[in-house]
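Below: the structure, in structure tokens.
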Amino acid sequence: MADAGAPFRIEGDTGEWEVVVGLEVHAQITATASKLFSGAATAFGAEPNTQVSLVDAAMPGMLPVPNKECIRQAVRTGMALDAKINRWSRFDRKNYFYADLPQGYQISQLYHPLVGEGEVEVLVDDKDDSSAKTIGIERIHVEQDAGKLMHDQHPTMSYVDLNRSGVALMEIVSRPDMRSPAEAGAYLRKLRAVLRYVGSCDGNMEEGSMRADVNVSVRKPGDEFGTRTETKNVNSVRFVMQVIEHEARRQVELIEAGGTIVQETRLFDPDKGVTRSLRSKEDAHDYRYFPDPDLLPLELDDAFLEECRGSLPELPDAKRKRYEAQGITPYNAGVLTAEVETARWFDALLDAGAEAKQAANWVVAELFGALNRRGESIENNPVTPAAAAELLRLVADGTISGTIAKQVFEIMLESGEGAAAIVEERGLKQTSDTGAIDAEIDRILAANADKVEQYKAGKQALFGFFVGQTMKAMQGKANPQVVNERLRAKLG
Amino acid sequence: MSVSKDQVRHIAKLARIAMSDEEIERLVPELNGIIGWVEQLGEVNTDGVEPLTAVIDQKLRLREDAVTDGNCRDEVLANAPEAQHGFFAVPKVIE
């Protein structure tokens with residue numbers, strides 16, 4: 001593994017090559033119940049063509065009317081990415097002919113997008129704060145999704161389902177600022193987290209609510225940008241990283257063999273891990289954009305923008321800084337803020353009175369371990385933040401030891417009982433009774449006279465053995481600090 | 001500005017409209033007539049005039065987010081040349 005500071009390079013026959021990556025991310029606005037320009041539903045998985053209005057089917061004479069909530073969510077997303085919001089924007093028609101596009105054009109925004117330049121800070125290595133890098137956002141525009149084609153249902157026909165036709169998408173276009181698969185992966189993960197915090201997109205890549213077009217070119221370090229290819233519709237972070245790796249190597253080999261890169265659209269084959277050229281069409285990109293005459297320019301007023309800004313939640317970067325300021329390690333703060341559900345649960349735990357640092361360690365080590373084992377997610381976890389805070393309080397005030405806390409937590413997971421009740425009922429309170437502890441220590445030292453000799457002869461590591469034996473004899477209920485003190489006194 | 005036979009052929013192809021050479025021959029002067037007629041607008045001096053997006057001064061209206069439409073599959077598919085199992089069925093298109 002190369003260290004985080006070393007730039008990513010492709011080794012070619014003629015020396016080292018640098019890869020340049022830009023991403024166009026299509027994020028479905030999943031926050032809305034209805035489509036961008038019609039009142040048809042958007043829920044995933046409905047029967048084919050049941051969520052299609054006459055607008056979405058592009059029947060003659062239908063008029064598109066924009067959904068206010070779609071605009072609001074795109075503006076909030078732009079604000080969360082520190083981007084310039086354009087109070088005046090406009091919709092354009094992107095004309096192309098395809099079976100999944102009944103209008104014969106997609107309503108999009110080319111000339112005057114809703115959101116302008118912004119930026120995202122990513123950690124290329126989430127354990128290392130010094131691996132931070134800023135990735136520029138060029139623009140975000142709002143557009144319609146197309147329908148879905150199915151080619152494998154019939155020998156000579158393709159089936160068309162227009163349920164997705166007209167669903168609102170945000171196209172988030174990055175600057176060509178990424179220089180490695182890892183940077184692109186970090187950018188995508190961060191973008192997904194921000195969208196999920198904002199609530200505009202659920203970030204569900206399996207269901208297609210987030211997908212990326214991956215622009216890749218290569219150059220000798222310091223040279224001008226090379227010609228790029230665009231690999232369309234890549235639907236996981238891992239696949240995006242594979243596309244970059246594969247496409248960069250393919251381009252280097254082609255150039256070094258004397259070939260030239262053509263600007264083209266490619267498709268990724270996840271089974272083979274390779275990209276292949278789409279049938280090259282000389283007029284593929286002749287979209288003949290023009291302003292959509294069905295739609296007036298979109299103008300936003302102060303009240304609308306203020307509401308958008310005011311309704312933004314605390315975002316991952318701010319939350320992470322706040323956690324670190326409360327004494328939580330940078331690693332734990334990163335883990336706790338990566339998914340919005342985790343952060344929400346953890347905030348509720350803090351609100352219930354848990355001490356930040358102790359709570360963070362417990363969530364990352366104990367709770368995550370238990371959830372993994374039980375195959376549960378944090379939202380459907382049987383232990384509430386308030387119940388967890390009660391358990392942590394019993395540890396913090398010395399009522400129970402850390403070892404006993406693990407047992408109590410297991411019982412909580414199984415029975416749903418409260419921590420204090422479990423401790424009371426089963427007599428699990430920690431004891432600092434030196435009489436009882438001394439008695440056990442004396443018994444153990446007597447039974448292990450040989451080890452006592454070895455310890456006294458310098459084998460310090462045996463101290464842990466004596467502590468362990470005493471704790472075991474006390475059924476984990478002895479106060480570990482008292483056990484340590486007494487043992488030291490007796491072993492001299 | 002005027003269009004050539006090749007441009008007309010290109011535009012027809014983009015719109016997936018099949019045209020014979022005779023039809024294209026006939027369309028070139030027709031389209032050029034239309035373009036020439038519209039181009040008369042270029043004679044008006046519009047220096048310093050803001051582009052007009054609508055003749056009546058009004059703003060784009062937005063609607064509230066609510067499901068008020070759809071769920072009309074039979075109507076949507078009624079005019080399809082072919083429909084099967086609730087889908088539009090079209091000649092196989094694979095890139």
Side-chain angles (χ1 to χ4, degrees), chain A residues 31-35 37-43 47-57 59 65-72 90-91 95-100 102 104 147 149-151 153-163 265 267 278-279 283 286 288 291 295-299, chain B residues 1 3-19 31 34-35 38 41 49-95:
Chain A
T32 61
S34 66
K35 294 185 178 179
F37 294 116
S38 89
T42 57
E47 286 291 301
N49 291 310
T50 55
Q51 297 182 345
V52 182
S53 75
L54 300 183
V55 176
D56 310 313
M59 293 297 165
V65 184
N67 181 339
K68 187 177 180 180
E69 185 62 16
C70 292
I71 305 302
R72 179 173 170 272
R90 200 172 65 187
F91 292 98
N95 298 280
Y96 66 95
F97 195 93
Y98 207 62
D100 62 6
L149 285 172
M150 295 163 85
H151 304 296
Q153 306 290 306
H154 190 284
T156 59
M157 308 289 259
S158 290
Y159 284 172
V160 188
D161 175 8
L162 296 182
N163 279 351
T265 304
L267 268 192
L278 277 177
R279 182 163 50 92
D283 29 57
D286 197 348
R288 294 150 292 144
L295 292 156
L296 288 160
L298 173 61
E299 294 176 64
Chain B
M1 193 188 133
V3 292
S4 66
K5 264 193 283 186
D6 280 347
Q7 280 170 314
V8 174
R9 199 172 283 124
H10 176 62
I11 300 286
K13 189 179 162 203
L14 287 176
R16 301 296 190 278
I17 300 172
M19 302 203 89
L31 286 171
I34 295 168
I35 290 168
V38 174
L41 288 170
V49 179
E50 284 284 300
L52 189 69
T53 50
V55 282
I56 313 166
D57 183 25
Q58 56 179 359
K59 283 197 171 150
L60 178 63
R61 298 269 274 275
L62 306 177
R63 43 169 249 282
E64 294 302 317
D65 176 40
V67 177
T68 55
D69 206 345
N71 211 6
C72 52
R73 176 153 86 186
D74 293 345
E75 280 176 78
V76 164
L77 295 176
N79 297 319
E82 184 146 12
Q84 295 177 5
H85 313 295
F87 293 96
F88 292 90
V90 301
K92 193 166 282 229
V93 275
I94 277 207
E95 292 256 21

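What you are looking at is a predicted structure, and each value in this text was computed from that prediction instead of being measured. FYI, side chains are in, hydrogens and waters are out, and symmetry mates aren't considered; it's all heavy atoms of this structure. All chains are named by letter (A, B, ...) in the order of the sequence lines, taking the proteins before the strands, and each is independently numbered beginning at 1.
Only the side chain of A57(A) comes within contact range of chain B, with at least one heavy atom under 4.5 Å from a heavy atom of that chain. When heavy atoms are compared at a cutoff of 4.5 Å, T156(A) approaches chain B solely by way of its backbone atoms N, CA, C and O. Proximity to chain A (any heavy atom under 4.5 Å) is shown, for Q58(B), by both the backbone and the side chain. With a 4.5 angstrom heavy-atom cutoff, E47(A) touches chain B via backbone and side-chain atoms both. Of the atoms belonging to P102(A), not a single heavy atom falls under 4.5 Å from chain B. Only the backbone of A66(B) comes within less than 4.5 Å of a heavy atom in chain A; its side chain stays farther off.
A pairwise comparison of heavy atoms in A40(A) and G70(B) identifies CB-CA, 4.2 Å as the closest pair. The minimum heavy-atom distance between V90(B) and A99(A), with the atom names listed, is CG2-CB, 4.1 Å. Residue K92(B) comes nearest to S158(A) through the heavy atom pair CA-OG, 3.3 Å, listed as atom of the first residue, atom of the second, then distance. The two atoms that bring A33(A) and V67(B) nearest to each other are O-CG2, 3.5 Å, heavy atoms only.
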V76(B)/D56(A) under side-chain contact (heavy atoms from CB on, under 4.5 Å): CA gap, chis, key distance, verdict: CA-CA 9 Å; V76(B) 164; D56(A) 310 313; over 6 Å; no
side-chain contact (heavy atoms from CB on, under 4.5 Å) between L14(B) and D286(A), intermediate numbers included: CA-CA 8 Å; L14(B) 287 176; D286(A) 197 348; 3.6 Å; yes
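Applying the side chain to side chain contact (heavy atoms under 4.5 Å, CB included) criterion to D69(B), with sequence neighbours excluded, gives S53(A).
In this structure, Y96(A) OH and R16(B) CZ are separated by 11.5 Å, a value rounded to the nearest 0.5 Å. The distance from the OG1 atom of T50(A) to the CG atom of D74(B) is 11.0 Å, given to the nearest 0.5 Å.
Under the side chain to side chain contact (heavy atoms under 4.5 Å, CB included) test applied with F87(B), the options D161(A), L162(A), L149(A) reduce to a single match, D161(A). Just one residue in the list K35(A), R72(A), E69(A) forms a side chain to side chain contact (heavy atoms under 4.5 Å, CB included) with D65(B), and that residue is E69(A).
Under the 4.5 Å side-chain criterion, counting only non-hydrogen atoms from C-beta, R61(B) is not in contact with P66(A). You'll find the side chain of N67(A) stays beyond 4.5 Å of the side chain of E64(B), heavy atoms only. For the pair L60(B) and L295(A), the minimum side-chain heavy-atom distance is below 4.5 Å.
Interface summary for chain B: among G104(A), A41(A), A31(A), the most heavy-atom pairs under 4.5 angstrom belong to A41(A). The residue among H154(A), R90(A), M150(A), Q153(A) with the most heavy atom pairs within less than 4.5 Å of chain B is H154(A).
Between the side chain of R63(B) and the backbone N or O of V65(A), at least one donor-acceptor pair lies under 3.5 Å.
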